[in-house]
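These numbers were taken from a predicted model, which means no experiment stands behind them.
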Amino acid sequence: MEPVQTQRRPWVVGVSGASGTPYAAAVLRGLLAAGESVDLVVSRASRLTLLDETGIAFRDAHWREDLAEWLSRGADGKPGTFRVDVSDVRHWAAGDLAAGPSSGSYPVKGMLIVPASTACVAGVALGLSKDLLQRAASVTLKERRPLVVAVRETPLNGQTLRHLVALDDAGAVVLPASPAFYAGATHIQDLVDFVAGRVLDAAGVPHRLYRRWKGELGGARGDE
């Protein structure tokens with residue numbers, strides 16, 4: 001019998017239409033820096049948000065160039081802030097319901113939705129699978145794989161709260177995109193990286209995106 005070859009097992013990263021594309025960029029950079037493979041799904045609504053927040057038009061035919069440009073920018077929008085190798089990213093069009101992540105037999109480690117809009121939260125909670133992002137999330141839940149939902153909205157109404165409880169009951173990690181200040185943030189990128197780091201923590205992916213609490217008041221200020 002021939003030995004079983006090691007399969008590529010990526011994290012699926014879904015980017016929905018909520019404001020917060022810098023969060024998605026920071027998570028993607030963190031995954032790639034940790035040596036993780038990524039399967040990327042960028043929803044149609046998120047492309048409008050990305051264009052509005054960064055000026056980048058994410059195009060299927062030129063996705064690799066557009067992704068590299070996006071990930072090179074910091075949260076302040078300045079180009080060339082980061083150098084990122086995107087060679088281990090695979091992009092799937094949001095309308096491609098025959099894509100790999102649409103099937104439970106496709107090997108992945110789990111899925112991160114960053115940011116997650118309330119429409120995305122509702123679709124996943126209700127099992128609508130109207131596009132590949134929602135379908136991949138539904139597959140992740142049914143296969144009992146890790147699903148982290150970084151919801152980015154405020155305030156939250158009762159209906160959305162019920163959808164979030166349903167996701168929690170189904171096994172997802174509901175992670176509001178809420179930056180903390182105890183880590184000694186001095187720039188907008190620090191706040192973005194804190195949220196991205198918490199997403200990676202929930203996925204069990206190592207990183208150095210923020211200073212961790214050490215049980216000492218003012219400890220972050222002492223590191224400066």
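Rounding to the nearest 0.5 angstrom, the gap separating the CG atom in D131 from the OG atom in S16 is 9.5 Å. In this structure, CD on Q7 lies 12.0 Å from OG on S37, to the nearest 0.5 angstrom. With values rounded to the nearest 0.5 angstrom, L133 atom CG is found 8.0 Å from S46 atom OG. In this structure, CH2 in W63 is found 12.0 Å from CH2 in W70, a value given to the nearest 0.5 Å.
Distance alone, capped at 3.5 Å, places no donor-acceptor pair between the D96 side chain and the A93 backbone. Checking side-chain atoms of E53 against main-chain N and O of T21 turns up a donor-acceptor pair under 3.5 Å. Side-chain atoms of R135 come within 3.5 Å of backbone N or O of S102 as a donor-acceptor pair. The closest donor-acceptor contact from the side chain of R73 to the backbone of T81 lies at 3.5 Å or more, if one exists at all. Using modelled atom types, no side-chain atom of H187 and backbone atom of Q189 make a donor-acceptor pair closer than 3.5 Å. Looking only at distances, a side-chain donor or acceptor of T49 sits under 3.5 Å from a matching main-chain atom of G17.
S178 is not listed as a side-chain neighbour of V195, based on a closest heavy-atom distance of 4.5 Å or more. Proximity of R152 to S19: side-chain heavy atoms (C-beta onward) are separated by under 4.5 Å at one or more points. Between D39 and W11 there is no side-chain heavy-atom pair separated by less than 4.5 Å. L164 has its side chain out of reach of D168: every pair of non-hydrogen atoms, C-beta onward, lies at least 4.5 Å apart. Here the side chains of L175 and R198 are in contact, with some heavy-atom distance below 4.5 Å.
Screening R59, R47, H91 against D66 for a side chain to side chain donor-acceptor pair (under 3.5 Å) leaves a single residue, R59. For the side-chain contact (heavy atoms from CB on, under 4.5 Å) criterion with V12, the lone passing option out of V38, V108, T140 is V108.
A 6.0 Å sphere centred on CG of L156 holds more than 12 heavy atoms belonging to other residues, nucleotides or ligands. The environment of R44 atom CZ is sparse: at most 12 non-hydrogen atoms of other residues, nucleotides or ligands sit within 6.0 angstrom.
By the side chain to side chain contact (heavy atoms under 4.5 Å, CB included) test, S138 pairs with S129, sequence neighbours left out.
In terms of hydrophobic clustering, with Ile, Leu, Val, Met, Phe, Trp and Tyr side chains grouped at heavy-atom distances under 4.5 Å, V173 and V15 are assigned to a common cluster. A continuous path of ILVMFWY side-chain contacts below 4.5 Å connects V41 to V149, so both sit in one hydrophobic cluster. Connection of L28 to V199 is established within a shared hydrophobic cluster, with ILVMFWY side chains joined at heavy-atom distances below 4.5 Å, either directly or through further cluster members.
Residues H207 and D201 bring a donor and an acceptor atom of their side chains to less than 3.5 Å of each other.
Between Y182 and W213, the ring planes are perpendicular. Angles over 60° get that label, and only those under 30° would be called parallel.
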